Every structure is written in C-alpha cells, then in structure tokens.
Amino acid sequence: MLSTPVWVGAVDLGQAQESLAKVSSADFGREKASSHAREVVDWIVASQDHQGLPFVVVDKTQARVFVFNPQGRLQGAAPVLVGLTRGDEGVPGIGDRPLSLIRPFERTTPAGRFSASLDKNVSGQAILWVDYEQGISLHPVRSVDPKERRLERLASSIAADHRISYGCINVPYSFWNQVVQPQFQNTVGVVYVLPDTKPLKSIFKGFPHNHH
C-alpha cells in the first residue's frame, strides 16, 4: 500500500510546513552529497517547492541521483550516467531525431526543474519522463552499444566516465525497481537536474540569491 502524506489536500500549506518542520534541512543520511545538492534540497524542503510530491535531485558533476519522498526524506541514492557533453541547455526537437543524427556536442542533459511521471517508451520499457519535448527521461541503464560499456561506467568512481548518454539519465536496475518506481507509482513528482556551469539561482526560480 502506498504511503500518502496525511496532509496532502487535507490541510493548508501552513500546517503542511509545520508537519515538515522536523525535516527542514537536507538529511542525506550516510550518503555523500555535494554542497550544491545539499543547498538545493534544503531550499526545496524549506520552500515547499516540490509541492508535497516525491522528488529527485540529479547532480551531474558528481554523477549521483538522490530520491526523496513527499516529506523530504531520502529514500535512496545511486550513481547515474548523463549526457556525453557538459552543458545545461537542451536541444529543441532533439527527441524527434534518430540517435544517429545527434551530434556529440548535442548530447547534453539539460538542467532545470521538471515535472516527472512514469510511462513507457516506444519499446514498452519503463521510463520516468523528465522533459518530454526534448525526449529526456530517467530510466534503468540499457546497453545499446556494447562499446559504450555503460554498466562498467556506472560502476566507475571517476565522474567523467559517467558521461556517455544522449541526454537521458541512466540508473542501476535495482535502484529503479526498489526506489524510483515505488515513489512515482500512481503519482507525479519533480526532478531537479543541477547545472554543470550555470549558477543555481539562474536554473531554479525562487532559489535564494545568497547561494551560489
């Protein structure tokens, strides 16, 4: 049975924030997280930017993903694969192009705040849509081309090894099954993709200006 926060839709935001007072800052447990990831999660929880929905934070520079429940508690973290090329802008219409026509410099994972929902791709494989228009999703790692060594890259401790995809965010199968799917089953959520180079306040509307 899905655990739904009792206050969603039943009480006003003031009461909701009171119920979240115990989790007013990022609690990553034993997981290592960058200062940027911690700042963003602190802001999300304090401002209620996630609107009481499950949310995901993707740290491209550290090649890590963190999944939180609606109350802002960490449910799990894992390594990720992201776009081959550093960059925070996507390419309009790229989702409609065959992979063979996507040039290396266009293979970026756009930064931003995205509404996310579970779906299936054209092959019937489960995905979490991040940016539908640009064809960006979060999904279990798939070995499309053995030469790309995606599974080995996912296990690597070197962040640069994790840049290989066409823009999608690849996660381990076990993490998808045990953490991502249960959190997003029968609900929508939010995915926050941290930038490679741009300041956080230029990516996330309402992010405090006294942060980097």
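Just so we're clear, the structure is a prediction, and the values are computed from it rather than from any experiment. Reckoned from all heavy atoms, side chains included, excluding hydrogens, waters and symmetry mates.
Using a 4.0 Å cut-off between a side-chain N of Lys or Arg and a carboxylate O of Asp or Glu, Arg149 and Asp161 do not qualify as a salt bridge.
In this structure, His162 NE2 and Arg64 CZ are separated by 9.0 Å, a value rounded to the nearest 0.5 Å. Rounded to the nearest 0.5 angstrom, Trp43 CH2 and His50 NE2 are separated by 11.0 Å. Distance OG1/Thr85 to CD1/Ile102: 11.5 Å, rounded to 0.5 Å. The CD1 atom of Ile169 sits 7.5 Å away from atom CD1 of Ile136, with the distance rounded to the nearest 0.5 Å. Note that NE2 of His139 and CG of Leu81 are 9.5 Å apart. Values are rounded to the nearest 0.5 Å. Once rounded to the nearest 0.5 Å, the distance linking CG of Asp59 with OH of Tyr192 reads 15.5 Å.
Closest approach of Thr109 and Gly167 over heavy atoms only: OG1-O, 2.8 Å. Of all the heavy atoms in Cys168 and Gly135, the pair that sits closest is SG-O, 3.6 Å. Between Phe66 and Ala37, the shortest heavy-atom distance links the atoms CE1-CB, 4.4 Å. Across Trp129 and Asp119, no two heavy atoms sit closer than the pair NE1-OD2, 2.9 Å. In terms of heavy atoms, Leu118 sits closest to Trp176 at CD2-CH2, 3.8 Å. Minimum heavy-atom separation, Leu200 to Pro195: CD2-CD, 3.5 Å.
In summary, the aromatic rings of Phe68 and Phe28 are positioned with their centroids under 6.0 Å apart.
Taken together through direct or relayed side-chain contacts under 4.5 Å among Ile, Leu, Val, Met, Phe, Trp and Tyr, Val82 and Val179 form part of one hydrophobic cluster. Connection of Val180 to Val80 is established within a shared hydrophobic cluster, with ILVMFWY side chains joined at heavy-atom distances below 4.5 Å, either directly or through further cluster members. At a threshold of 4.5 Å between side-chain heavy atoms, the hydrophobic network of Ile, Leu, Val, Met, Phe, Trp and Tyr places Phe114 and Phe204 in two separate groups. Val130 and Val57 are members of different hydrophobic clusters when ILVMFWY side chains are connected at heavy-atom separations under 4.5 Å. Val58 and Phe184 fall within a single hydrophobic cluster, where Ile, Leu, Val, Met, Phe, Trp and Tyr side chains are chained together by heavy-atom contacts under 4.5 Å.
Residues Glu148 and Ser165 have side chains not in contact (no heavy-atom distance under 4.5 Å, counting atoms from C-beta outward). Counting heavy atoms from C-beta outward, Pro70 and Gln183 have side chains that approach closer than 4.5 Å. For the pair Thr108 and Asp196, the minimum side-chain heavy-atom distance is 4.5 Å or more. Between Arg97 and Glu106 the shortest side-chain heavy-atom distance falls below 4.5 Å. You'll find the side chain of Pro54 reaches within 4.5 Å of the side chain of Thr187, heavy atoms only. Using a 4.5 Å heavy-atom threshold, the side chains of Pro172 and Leu154 count as touching. Val67 is listed as a side-chain neighbour of Phe175, based on a closest heavy-atom distance under 4.5 Å. For the pair Arg142 and Asn121, the minimum side-chain heavy-atom distance is below 4.5 Å.
Side-chain atoms of Asn69 never come within 3.5 Å of backbone atoms of Gln75 as a donor-acceptor pair (strictly under, hydrogens ignored). A donor-acceptor pair under 3.5 Å links the side-chain atoms of Arg113 to the main chain of Asp49, judged by distance alone.
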For salt bridge (Lys or Arg N to Asp or Glu O under 4.0 Å), just list the numbers for Lys201 and Glu39, CA-CA rounded to whole Å, side-chain angles, deciding distance to a tenth of an Å, and then say yes or no. CA-CA 11 Å; Lys201 62 180 181 284; Glu39 287 174 11; over 6 Å; no
Intermediate values then yes/no, side-chain contact (heavy atoms from CB on, under 4.5 Å), Gln62 and Leu194: CA-CA 10 Å; Gln62 302 292 316; Leu194 306 191; over 6 Å; no
Take Arg163 and Lys60 through the side-chain contact (heavy atoms from CB on, under 4.5 Å) test and state the conclusion after the steps. CA-CA 9 Å; Arg163 293 194 177 259; Lys60 291 191 285 178; 3.8 Å; yes
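Atom CZ of Phe105 has more than 12 neighbouring heavy atoms from other residues, nucleotides or ligands inside a 6.0 Å radius. Residue Gln181 places its CD atom among more than 12 non-hydrogen atoms of other residues, nucleotides or ligands, all under 6.0 Å distant.
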